[in-house]
Asks: 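What follows is a structure written as C-alpha cells; I'll ask about it next.
Below, read A as the first sequence line, B as the second, and so on, with proteins coming before strands; counting in each chain starts at 1.
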Amino acid sequence: MTQRASQLGSEHSPHAAVSVHDLTVAYHRKPVLWDVDLDIPSGKLVAIVGPNGAGKSTLIKAVMELVPKASGLISIYGKQFRKQRHRVAYVPQRESVDWDFPIDAIGVVSMGRYRKIGWCRPVRSQDKRLAMDALKRVGMEEYADRQISQLSGGQQQRVFLARALAQDADIYFMDEPFASVDAATERAIVHVLRDLRSSGKTVIVVHHDLQTVSDYFDHVIMLNMRVVAHGTVEEVFTNENLRKTYGGRLTLLDEAAGLLARQSSKV
Amino acid sequence: MIWTPIDTWICVIASLCAAACVLPGCILVLRRMSLMGDAISHTVLPGIAIAFLVTGSREPTAMLIGAVIIGLLTAFLVQAIETLGKIETGAAIGIVFTVLFAAGLVLMRQAVDHVDIDPDCVLYGAVEFAYFDQITIGSWAVPRAAVVNGVALIANAIIILIFYKEFKITSFDSALAMTQGIRPSTMHYLLMTMTAATAVAAFETVGSILVIAMLIVPASAAYLLTDKYGAMFLIAIAIAIVGSIGGHISAVTIPPVFGFSGTSTAGAMAVVVGFLFFLTWIFSPKHGVWSAAMRRKRVQQDIIREDILGLLWRLEERSRENSDISFENALCIPKRSVKRAIRHLQKLGNICLEYPLWRLTEQGRKEAALIVRSHRLWETYLDKHFPQDVYQLHQSAERLEHVTSTQMQSRLGDAEKDPHGSKVPPSPDN
C-alpha cells in the first residue's frame, strides 16, 4: 500500500488538488466506474459531464469515501481523504435530503461548521456569524429564519451552496447544483464559483447542461464509466469527444462487465 | 373519586417514563425509522428474559445489558438482511422483530419458573402497582419505577444534549455528516442503544407492547406542531406528560361511569396520546388538516370578493346598471358565499349600497381597476407568448389575476387594449 502510494506520488503531479489512480467502483458487482485515472488541477473550475448512469456522482462520492471502491487510490493534495476532511466541502444533490426536516436556513448553513466546531460542542456565535456571511454571499440573508420547506427549489440550492461556503474549504465538490434552478440562482452560483476560483479554490461540479460548460468552467472531465477525455475545455470539449462520451456505452466493456457480474454471483 | 398519593405517584412515574421515551422517539421520527423503534422496543423482551434466566433475579443491570445487546443485534440483523438479502426495510424489520419477540415470549415462560415475575406485567405494564415496589434513597422511600424511569430520562436528556448537533446533522444529511467525519452509523447505533435501554426502563411501567406508543406518538404530534428542531423535543415531552396524567385520570374515572371497574393505565395513556395526536393532526396551525382547509377557504373568499369587484367595475365600464344582475349567476357561485363576500366588501369600504344598486366606492374602484388591469394584461401577455383561443385566454387570466402582485404586474408590461379590444385600466402609478 505504502509502496503504491509513493508510486502514485511520483506518477502524478504533486500540485493536483485531487489525484485518482485506477479507481474502480461497483454497485451490486456491476462496475459503475472502471479504471478511472486522473489529476484534477488546483485552483480551477472543473465540470464532470457524461450521460445518465455514467458514474459522475459516484466519482465524487468515491473521492469523499461515501461509496466503497473496489480498487484504486485517491489522494487530496497528496494525502488520504480522511486526513484532509477539513479541506473539502460538499454540496449533495438537492433531492438527497428531507426538506420537511424541522430546521431553518441558517441552521442548515451552520452544519457546514460542525467539523470545525468539533464533536459534542455547541454552535458558537462566531459560527452563526460565519453562516450568516455565507448566506449573504448567495443573496439569501433575508431567508435565514425561514423553515427550509418554505423555500423555492433555487433558494434551497443556494442554502446548500452557502453551507459549503461555511465549510471554508480548499476543494468544493458539487453534485448538480444547477439542476432545475431559476435564473437568479444560476447567476448566484456562477458568481460564487468565480469568486472561489479567484481566491485559489478548486471547484468540481457534476454538470448536466452541455451548453454552459464553455462559459462556466476551465476544465472538463468527460465521463462514461471510464474517463473519455479530460483537460482544459478548449482542448477536450470537442464534438468528437462528446460523441464518444454520449454515443452509447463502450459495448465490449459493458458486455465483459455483465459477464463478470454473473460469474461472481455464481461463485 | 378520591385522589391519593398513590395516584400522584402513578402520574409521576408515567410522566417520567413517557418523557424518557419521547427523547429517542423524536429522533426516530425525524429519521423516518419509527418502525425500527417498534422492533427494538419489542426485542428487548428476549434480552430481559435471558437476563432473568442467567442471573435468576430481576437485577436491573443484567436486564439492561441483556436488552441493549439484543437491541443492537436487532438493528444489526435488520441492516444485514436488508443489504445482503435485497429485502426491503419493512420486511427485514418484520422478520427480525417477530422472530426475536416470539423467542422472548418462549424464554419468558421459562423464566417465570425461576424468577418472581408476572409475564402479563412485562407485556402490558403495571404502573398501577408500581407504587408498592419501593426503594429507599437516603431517608426517602420512593417507588423503584420512579427512580428507574427518572434515571432513563436524565440519561437520555444528557446524551441528546451532548450529541445535539451530531444527531441533527446525521438525521438531516448523512452524506455531509460522513464527509465531515461524523459517522452516521455511530449515531445510529447510539440511538438504537438509547431506544433499547429506554424500553427496558419503560417495560414495567407501560409494558413492552405499548412502549412504541410513547416513543412515536408524542414525537409525531410535535413534528406537526413545530418547524424547530429543539422545540420539537420540548413539545413532545409536554404532550407525553399531558397524555400520561390524562391517561391515568381517564383510566380511573371513565370506566366507572359505564359501570366497569378501573382499567389499565398504560392502555389509557396510549389512547390519550393517540387522541392528542389526532387533535394535532386536525388543528395544528401549520400542518393540520383543518387549518389547511381554512386556508383554502380564505383564499376562495378572497377570490370571490375580487371577482365581485371586477364584475362591478366592468358593469360601470359599460355603464350598465346592476339592479337586474345576480352575482351568483354571473359568477357561478353559491348565494351564501356572495352574501358573505358582499358583507365583507361593505365592511372594508369597497362597495356601498345605493338602493337598489351596489356601487363601488372610490377605494373599491381603485382596487377593482387593479384586478381588471391584471386580467387584461395577462390576456395580452398570454396571447403574445402562448397563442390560444379567446375563451381559454379568459379562463387562464381569470385564475392568474388573483395571484398577481403589483411587482408582477409591472413585469407584465403595458398595453392599451387587451386581445378582445377592451381598454386596459391604466397603472395607478401614472
Asks: When only heavy atoms count and the cut-off is under 4.5 Å, which of residues 87-110 of chain A reach chain B?
Replies: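 Contacts with chain B: A:Tyr90, A:Pro92, A:Val97, A:Asp98, A:Asp100, A:Phe101, A:Pro102, A:Ile103, A:Asp104, A:Val108.
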Asks: Does some side-chain heavy atom of B:Leu176 sit less than 4.5 Å from a side-chain heavy atom of A:Tyr114?
Replies: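 Counting from C-beta outward, A:Tyr114 and B:Leu176 never come under 4.5 Å.
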Asks: Should we say atom NZ of A:Lys83 is surrounded by more than 12 heavy atoms from elsewhere, each under 6.0 Å from it?
Replies: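 No - once you tally the heavy atoms of other residues, nucleotides and ligands closer than 6.0 Å, there are 12 at most.
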Asks: Picking from A:Lys61, A:Arg121, A:Arg85, which has the most non-hydrogen pairs under 4.5 angstrom with chain B?
Replies: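 Top option by heavy-atom pairs under 4.5 Å: A:Arg85.
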Asks: At a 4.5 Å cut-off on heavy atoms, which part of B:Tyr164 comes close to chain A: side chain, backbone, both, or neither?
Replies: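 Neither part; nothing is under 4.5 Å.
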Asks: Filter on side-chain hydrogen bond (donor to acceptor under 3.5 Å, both in side chains), then keep only pairs touching residues 274-289 of chain B, sequence neighbours left out; what's left?
Replies: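 Every side-chain hydrogen bond (donor to acceptor under 3.5 Å, both in side chains) pair that includes a residue of residues 274-289 of chain B, provided the two are not neighbours, is B:Asp227-B:Lys286, B:Asp227-B:His287.
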Asks: Identify which of B:Thr226, B:Ile162, B:Asp173 forms the greatest number of heavy-atom pairs closer than 4.5 Å to chain A.
Replies: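 The option with the most such pairs is B:Asp173.
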Asks: Might you point out which heavy atoms bring A:Trp119 and B:Arg183 nearest each other, and give the distance in Å?
Replies: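 It is CZ2-N, 4.4 Å.
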Asks: Strictly less than 4.5 Å between heavy atoms, which residues of residues 123-149 of chain A line up against chain B? Please order them by number.
Replies: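 At a heavy-atom separation under 4.5 Å, chain B is reached by A:Val123, A:Gln147, A:Ile148.
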Asks: With a strict 4.5 Å heavy-atom criterion, list every residue of residues 150-168 of chain A that contacts chain B, or say none.
Replies: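 Under the 4.5 Å heavy-atom cut-off, A:Gln150, A:Phe160, A:Arg163, A:Gln167 qualify.
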Asks: For B:Thr179, is there any backbone N or O sitting under 3.5 Å from a side-chain donor or acceptor partner on A:Glu65?
Replies: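 Between the backbone of B:Thr179 and the side chain of A:Glu65 there is no qualifying donor-acceptor contact (under 3.5 Å).
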Asks: Counting only non-hydrogen atoms closer than 4.5 Å, does A:Phe173 touch chain B with its backbone (N, CA, C, O), its side chain (CB onward), both, or neither?
Replies: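 Neither part; nothing is under 4.5 Å.
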Asks: For atom CZ of B:Phe275, decide whether the heavy atoms of other residues, nucleotides or ligands shown that lie under 6.0 angstrom number more than 12.
Replies: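 Not buried by this count: 12 neighbours or fewer within 6.0 Å.
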Asks: How about B:Met178 and A:Met64: do any of their side-chain heavy atoms sit closer than 4.5 Å?
Replies: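 When only atoms from C-beta onward are counted, A:Met64 and B:Met178 do not touch, as no gap falls below 4.5 Å.
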Asks: Donor-acceptor check, side chain of B:Gln180 to backbone of A:His86, threshold 3.5 angstrom: yes or no?
Replies: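 No.
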Asks: Give, as side chain, backbone, both or neither, the part of B:Ser171 having an atom under 4.5 angstrom from any heavy atom of chain A.
Replies: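 Both backbone and side chain.
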